[in-house]
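In what follows, a structure is listed as structure tokens, so that the remarks can point back to it.
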Amino acid sequence: VFGKDINLVLVLNNLSSDRKSIRVDMSASTILYTRRAVAEILKAATAVELGPKQGKHIRVKIPYTHYGKYLTTDKRIQVTALCEVMRSQGLKLLVEKTIILEDTNIIIKVPRRVVVNRAVSLEISYANPLPEPVSRCVLLVTLMNQQVKINLARLAPRERSKIFFEFTPRRAGPLQLQVDFSCDKFSHVKGFVTIAVARA
């Protein structure tokens, strides 16, 4: 989840009956959706001894403090592990994993019944998932082809807050509401809901 430390496990298994010495070079970078690297956030190397038919786990932690300021709006991190079996004429194995960090910041609560031409109040809650305060918070609400910009107070670390948004639907049928939350530390955290508007 965005804002938290990332914990990974690399599992190595020796399927042969011989002892193996493995060198593991690990790296991680923030990337765009096109897989183009933005910034390297982890580089580590380790050596592992595996007995016959033995398996081992290598644990890797990427703290938020390492990736937070380099993350793009795509919220993607590419992790690679190059595993080289020593004394084996250059036998190598490359393992890759793309991590897409999830947002859990926006929650939209809609009343059970929404009726055309009758005012309705929605509850929109938003959060700061980071271990540090954020400021210049802005909520952009898009509904019925109109956008409303709402300036919000700063949020303390891990703080959740909420506002009430009132509107009057002008026609029956499905209506989509989209919310976009931005601040000085991250931007474009989105949430949306489809509202079923009943006839009067």
Less than 4.5 Å apart, any side-chain heavy atom of [X] and any of [Y]?
X: M26; Y: V79; answer: yes
X: P63; Y: I6; answer: no
X: L130; Y: L155; answer: no
X: N117; Y: R170; answer: yes
X: L42; Y: I77; answer: no
X: I163; Y: Y126; answer: yes

Counting N and O atoms only, with roles assigned by atom type, does the side chain of [X] sit under 3.5 Å from a partner on the main chain of [Y], one being a donor and the other an acceptor?
X: N128; Y: E159; value: no
X: D74; Y: L32; value: no
X: N14; Y: Q54; value: no
X: K53; Y: L15; value: yes
X: K56; Y: E49; value: yes
X: T80; Y: E96; value: no
X: S29; Y: A37; value: no

Does a sphere of radius 6.0 Å around CZ in R158 hold more than 12 heavy atoms from other residues, nucleotides or ligands, not counting ones at 6.0 Å or beyond?
->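 Yes.
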Can you establish whether the number of heavy atoms outside E166 located under 6.0 Å from its atom CD is more than 12?
->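 Yes, CD of E166 has more than 12 neighbouring heavy atoms, counting only those of other groups under 6.0 Å.
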State the [atom1]-[atom2] distance between [X] and [Y], to the nearest 0.5 angstrom.
X: K109; Y: L122; atom1: NZ; atom2: CG; answer: 12.5 Å
X: R35; Y: T98; atom1: CZ; atom2: OG1; answer: 5.0 Å
X: I22; Y: K92; atom1: CD1; atom2: NZ; answer: 13.0 Å
X: Q178; Y: I106; atom1: CD; atom2: CD1; answer: 10.5 Å
X: I62; Y: I41; atom1: CD1; atom2: CD1; answer: 4.5 Å
X: L93; Y: C83; atom1: CG; atom2: SG; answer: 5.5 Å

Same cluster (ILVMFWY, side-chain, under 4.5 Å), [X] and [Y]:
X: L140; Y: M144; answer: no
X: L152; Y: F186; answer: yes
X: I124; Y: V148; answer: yes
X: V114; Y: F192; answer: no
X: I195; Y: L139; answer: yes

What heavy-atom pair brings [X] and [Y] nearest, and what distance separates the two atoms?
X: V189; Y: K75; result: CG2-NZ, 4.2 Å
X: A45; Y: D25; result: CB-OD1, 3.3 Å
X: I108; Y: V179; result: CD1-CG2, 3.8 Å
X: A127; Y: F181; result: O-CE2, 3.6 Å
X: E132; Y: Y64; result: OE2-OH, 3.2 Å
X: T194; Y: Q176; result: OG1-NE2, 3.9 Å

side-chain contact (heavy atoms from CB on, under 4.5 Å) with V138: which of I150, D180, N151?
->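 Testing V138 for a side-chain contact (heavy atoms from CB on, under 4.5 Å) against I150, D180, N151 leaves exactly one candidate, N151.
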Begin with the C-alpha distance, continue with both residues' side-chain angles, and end with the deciding distance and a verdict on side-chain contact (heavy atoms from CB on, under 4.5 Å) for R160 and I107.
-> CA-CA 10 Å; R160 178 169 285 279; I107 299 171; 3.8 Å; yes
Does the pair I99 and L8 meet the rule for a side-chain contact (heavy atoms from CB on, under 4.5 Å), with working shown?
-> CA-CA 10 Å; I99 301 165; L8 304 169; 3.7 Å; yes
